[in-house]
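Only heavy atoms go into these numbers, but all of them, side chains included; no hydrogens, no water, no symmetry mates. As the structure lists them, so they are numbered: ligands from 1, and atoms in each ligand from 1.
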Amino acid sequence: MIKFKPINREIKKVLIANRGEIATRIIRACKELGIKTVAIYSEADSKSIYVKKADEAYLIPGDPIQAYLNYFRIVDLAKQTKCDAIHPGYGFLSENPEFAEYCLKQGIIFIGPKPEHIALFGDKMAAKKKMRELGVPVLPGSDEPITDINKAKKIADEIGYPVILKAAFGGGGRGMRIVRKESDFEDMFRSAYNEAKKFFGRGDVFIEKYVENPRHIEVQIMADKYGNVVHLGDRDCSIQRRHQKIVEIARSPSLKEEVRKELYRASVKAMFKVGYENVGTIEYLVDENDNFYFIEMNTRLQVEHTVTEMITGIDIVQMMIKIAEGRKLDFLQEDITMRGYAIEFRVNAEDPSKNFAPSVGLITSYHSPGGPGVRVDAAAYKDYVIPPYYDSMIAKLSVWALTWEQVVNRARRALDEFIIRGVPTNLPLLRAIVRDKDFIEGKFTTKYIEEKLPTFNLEDKARDLEDLVAAIAGAIAAYHRI
Ligand code: MV4
């Protein structure tokens, strides 16, 4: 890949190549920095809040998803509107090295890491190899994609079953298979390969030792263009359903201090050695004996960055912009203090009573929680119509308090305050989680949702009340023959 000189110039105007709550989040950061903003939107997003909040907004007609992916068009618009930089948010173009490179070639600052690092960490096998060379623990596995079934079986046999097959260019659990015995290997490999090929265009699959009941812990990294690297603590993202995170916590209530220290040391050292720049998140699996293993790195701003902001007081999105301008980090590791606990809940428009089917349509009632230690990052509002084309996350509720006990109490209160009517949401699930004994005790692994879901009562009390009101109104109308 071509190397570019860093562009060291002030950013006065930013194009946001994204939608929804994260577009609003980026606009907020820009406003506080005195930076002008340009939004793009599809036809389906024309009534979105972020479109109104931006200084300028441009409709990208045609396909509602391509609107946020056609980067020739997006970079052209950035140049036409005299933007200095593009912020990609998460998803869409955020981890596309060709896009990052194209921006730089066209003289537009890409607010994010260098294209070479996006490419390196986009290849999970290459990333693993690199991190192992840098002294970060990784799980035993194959260094090459599987091409020969018998060779692969031999590797699996050496590692010992269970093993996991993973797509080298995948994500979201696609192209991933757990193999418990050799007789399943071939079938599992073929289905992993086919799924990876179908979803990512590349069928490369590698083998790794499977960790039975891990916690999913990630470290937030921040680095400037001059080799200054800091961490902003960890997040426990173990609570997931079908590889979608639902609840994220800063910092993990279950990680031992000596393990945490080592996790941070290994992470910062590795990022310094690769010359990483801007923000990134290093994901680890932590096993039942507190061993940690690097699994992958995210080279983007993450959905759950809010909880790290709450415990550190650092505005991660503003820092991304400052780093992209070529400014030095204005604090050292020892200046970063991590205070209390923060939990983020992803409020999704999906129906827990219908196997979490995505719900679309009109939000008839909306009231967001507030008060001490509460933050809401939302796309939803009263009268908003949820389009069918995108992710189902319509709001993020983040709460902060000094102790774990207090933050769970606050979360319960804030989730109870949240009113969203018209479309089913996962709020009943979130409310059940903060009442669960194991959650309250800080005991959870990646198996949590799978194990707990059958024990939760997910009837929507707000809906029941609404139905009752409708029934009473109907009875009164009938009584008065209106
Ligand atoms: C694993 C693993 C166990 N062992 N790798 C899931 C998402 C992706 N980022 C990595 N993931 C995992 N990788 C090894 N070697 C467990 C997970 C995992 C998981 C696996 C199956 C079903 C649900 C899961 C939830 C979280 C993590």
Enquirer: Return the residue, atom name and 0.1 Å-rounded distance of the protein heavy atom closest to atom 27 (C) of ligand 1.
Expert: Thr446 CG2, 3.7 Å

Enquirer: Can you check whether Tyr50 and Tyr41 have ring centres sitting under 6.0 Å from each other?
Expert: no

Enquirer: For residues Tyr384 and Tyr366, establish whether the separation of their ring centroids is below 6.0 Å.
Expert: no

Enquirer: Check whether Tyr390 forms a cation-pi arrangement with Arg19 (NZ or CZ under 6.0 Å from the six-membered ring centre, at most 45° off the ring normal).
Expert: yes

Enquirer: Taking 4.0 angstrom as the limit and counting only heavy atoms of Leu139, give me the atoms of ligand 1 inside it, by number and element.
Expert: 15 (N)

Enquirer: If you count the atoms of ligand 1 from 1 in the order shown, which ones are under 4.0 Å from a heavy atom of Lys209?
Expert: 4 (N), 14 (C), 15 (N)

Enquirer: Short N/O distance, under 3.5 Å, between His243 and ligand 1?
Expert: no

Enquirer: Just heavy atoms, cut-off under 4.0 Å: does Lys166 contact ligand 1 by side chain, backbone, both, or neither?
Expert: side chain

Enquirer: Would you call Asp436 and Arg431 a salt bridge, taking side-chain N to carboxylate O under 4.0 Å as the test?
Expert: no

Enquirer: Please report whether ligand 1 has a polar contact with Tyr210, defined as an N or O pair separated by less than 3.5 Å (distance criterion only).
Expert: no

Enquirer: With rounding to the nearest 0.5 angstrom, report the CG to CE distance, Asp204 to Met125.
Expert: 5.5 Å

Enquirer: To which protein heavy atom is atom 4 (N) of ligand 1 closest, and what is the distance rounded to 0.1 Å?
Expert: Val211 N, 2.9 Å

Enquirer: Answer yes or no: is there an ion pair linking Glu309 with Arg25, defined by an N-O contact shorter than 4.0 Å?
Expert: yes

Enquirer: More than 12 heavy atoms of other residues, nucleotides or ligands under 6.0 Å from CZ of Phe272: yes or no?
Expert: no

Enquirer: Number the atoms of ligand 1 from 1 as they appear, then name those within less than 4.0 Å of a heavy atom of Ile295, with their elements.
Expert: 10 (C)

Enquirer: Using ring centroids (six-membered ring only for Trp), state whether Phe444 and Phe439 fall under 6.0 Å.
Expert: yes

Enquirer: Provide the number and element of each atom of ligand 1 under 4.0 Å from a heavy atom of Glu208.
Expert: 5 (N), 14 (C), 15 (N)

Enquirer: Pairs of nitrogen or oxygen atoms closer than 3.5 Å, one from Gln240 and one from ligand 1: do any exist?
Expert: no

Enquirer: List the closest protein heavy-atom neighbour of atom 14 (C) of ligand 1: residue, atom name, distance to the nearest 0.1 Å.
Expert: Leu285 CD1, 3.5 Å

Enquirer: Contact between Glu283 and ligand 1, counting heavy atoms under 4.0 Å?
Expert: yes

Enquirer: Just to confirm my output: which protein heavy-atom neighbour is closest to atom 12 (C) of ligand 1, and how far is it?
Expert: Met176 CE, 3.9 Å

Enquirer: Let me know which of Lys129, Lys128, Arg132 forms a side chain to side chain donor-acceptor pair (under 3.5 Å) with Asp143.
Expert: Arg132

Enquirer: Under 4.0 Å from a heavy atom of Glu296: which atoms of ligand 1 are those, numbered in the order shown and with their elements?
Expert: 8 (C), 9 (N)

